[in-house]
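Sequential numbering from 1 along the given sequence is applied to the chain's residues. What you see is a predicted model; the values in this text were computed from it and never measured.
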Amino acid sequence: METLEYRFEHGSRVLPAQAQVVGVVGSGNLEVLIESAPLGGACTIAIKTAAVGFGATWEAVMRDFHERWQLMDARIDINDMGATPAVVSLRLDQAVQTMLGEQA
C-alpha cells in the first residue's frame, strides 16, 4: 500500500456540511469519502492505494480535479484498489455532485 497526500489552496466552492461516500473498495475500483472541514480555504486529498509507484499519475488527476471544482474547506479520502485514472475522475466528480445535489 502507498499513501499519497495533496493540498490545494485558494478554492472558491464551498460544500454542504453532510459528508458523502461514493464507490466501493474492490478490485479495480475505489471509495471516495468527501466532507466539509475547516482548512483555511484549502482542499486536502489523502489517497491509500494498492497500486504503488503511480504518484505522478495521481498528482495529475488530482490537479485536474481541483482545477475543475475549485473546492475550499474540503477533505477527501480515497481508498483505491487499482482504479484507472478515468474511474478516479468519475468517482471524484460523482462525490462532489452528490454533495451538491446535482445529477451525476
Side-chain angles (χ1 to χ4, degrees):
M1 291 295 285
E2 183 171 16
T3 300
L4 305 167
E5 295 182 2
Y6 302 95
R7 182 180 177 100
F8 298 99
E9 304 290 342
H10 312 299
S12 58
R13 187 179 304 220
V14 179
L15 295 173
Q18 181 66 36
Q20 294 289 329
V21 176
V22 298
V24 177
V25 178
S27 180
N29 210 327
L30 75 154
E31 168 187 76
V32 175
L33 168 64
I34 185 169
E35 61 186 337
S36 182
L39 298 171
C43 173
T44 62
I45 305 171
I47 302 162
K48 292 181 183 167
T49 179
V52 176
F54 291 91
T57 302
W58 278 104
E59 183 174 357
V61 172
M62 296 306 106
R63 286 193 181 286
D64 180 64
F65 168 76
H66 178 68
E67 289 174 12
R68 189 166 52 254
W69 289 102
Q70 294 291 309
L71 298 180
M72 67 181 290
D73 292 329
R75 181 178 12 250
I76 299 171
D77 291 300
I78 298 173
N79 297 308
D80 172 58
M81 291 301 287
T84 65
V87 171
V88 174
S89 288
L90 173 77
R91 288 286 179 247
L92 285 167
D93 288 347
Q94 182 183 29
V96 174
Q97 289 168 339
T98 299
M99 281 201 81
L100 297 176
E102 298 177 9
Q103 276 296 336

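- Taking 4.5 Å as the limit, some side-chain heavy atom of Asn29 sits within range of a side-chain heavy atom of Arg91.
- Taking every heavy atom of both residues into account, Ala17 and Ser36 meet most closely at CA-CB, 4.2 Å.
- For the pair Leu92 and Met62, the minimum side-chain heavy-atom distance is below 4.5 Å.
- Not counting sequence neighbours, the partners of Arg68 by the side chain to side chain contact (heavy atoms under 4.5 Å, CB included) test are Asp64, Phe65, Ser89, Asp93.
- For the pair Leu100/Arg13, a side-chain contact is recorded, criterion being any heavy-atom separation below 4.5 Å from C-beta on.
- Both Val87 and Val32 are assigned to one and the same hydrophobic cluster, defined by single-linkage of ILVMFWY side chains at heavy-atom distances under 4.5 Å.
- Nearest approach of Asp73 to Gly41, heavy atoms of both residues: OD1-N, 2.7 Å.
- The side chain to side chain donor-acceptor pair (under 3.5 Å) check on Thr49 picks up Asp80, with sequence neighbours excluded.
- To the nearest 0.5 Å, the span separating CG on Leu4 from CZ on Phe54 amounts to 11.5 Å.
- With hydrophobic clusters built from ILVMFWY side chains whose heavy atoms lie under 4.5 angstrom apart, Trp69 does not share a cluster with Leu39.
- By the side chain to side chain donor-acceptor pair (under 3.5 Å) test, Gln70 is found to be paired with no residue, residues two or more places apart in sequence or in another chain being considered.
- Every residue two or more places apart in sequence or in another chain that forms a side chain to side chain contact (heavy atoms under 4.5 Å, CB included) with Ala50 is listed here: Met1, Met81.
- The pair Glu5-Arg7 does not count as a salt bridge, with every side-chain nitrogen at least 4.0 angstrom from each carboxylate oxygen.
- For Glu35, the salt bridge (Lys or Arg N to Asp or Glu O under 4.0 Å) criterion is met by Arg75, not counting sequence neighbours.
- Atom CD of residue Gln97 and atom CD1 of residue Ile34 lie 10.5 Å apart, to the nearest 0.5 angstrom.
- In this structure, the side chain to side chain contact (heavy atoms under 4.5 Å, CB included) partners of Val14, at least two apart in sequence or on a different chain, are Met72.
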Could you check Arg63 against Glu67 for salt bridge (Lys or Arg N to Asp or Glu O under 4.0 Å), going step by step and ending with a plain yes or no?
CA-CA 6 Å; Arg63 286 193 181 286; Glu67 289 174 12; over 6 Å; no
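- Two residues are said to be in side-chain contact when any heavy atoms from C-beta on lie closer than 4.5 Å; Ile76 and Leu71 meet this criterion.
- In this structure, CD1 on Ile47 lies 9.0 Å from CG on Leu30, to the nearest 0.5 angstrom.
- Shortest non-hydrogen contact noted between His66 and Glu9 is NE2-O, 3.6 Å.
- Considering OG1 of Thr3 and CD1 of Ile78, their distance stands at 12.0 Å, rounded to 0.5 Å.
- In this structure, the side chain of Glu31 does not engage the main chain of Val21 through any donor-acceptor pair within 3.5 Å.
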Practice task
Could you walk me through whether Ile45 and Trp58 pass the side chain to side chain contact (heavy atoms under 4.5 Å, CB included) test, one step at a time?
Solution key: CA-CA 11 Å; Ile45 305 171; Trp58 278 104; over 6 Å; no
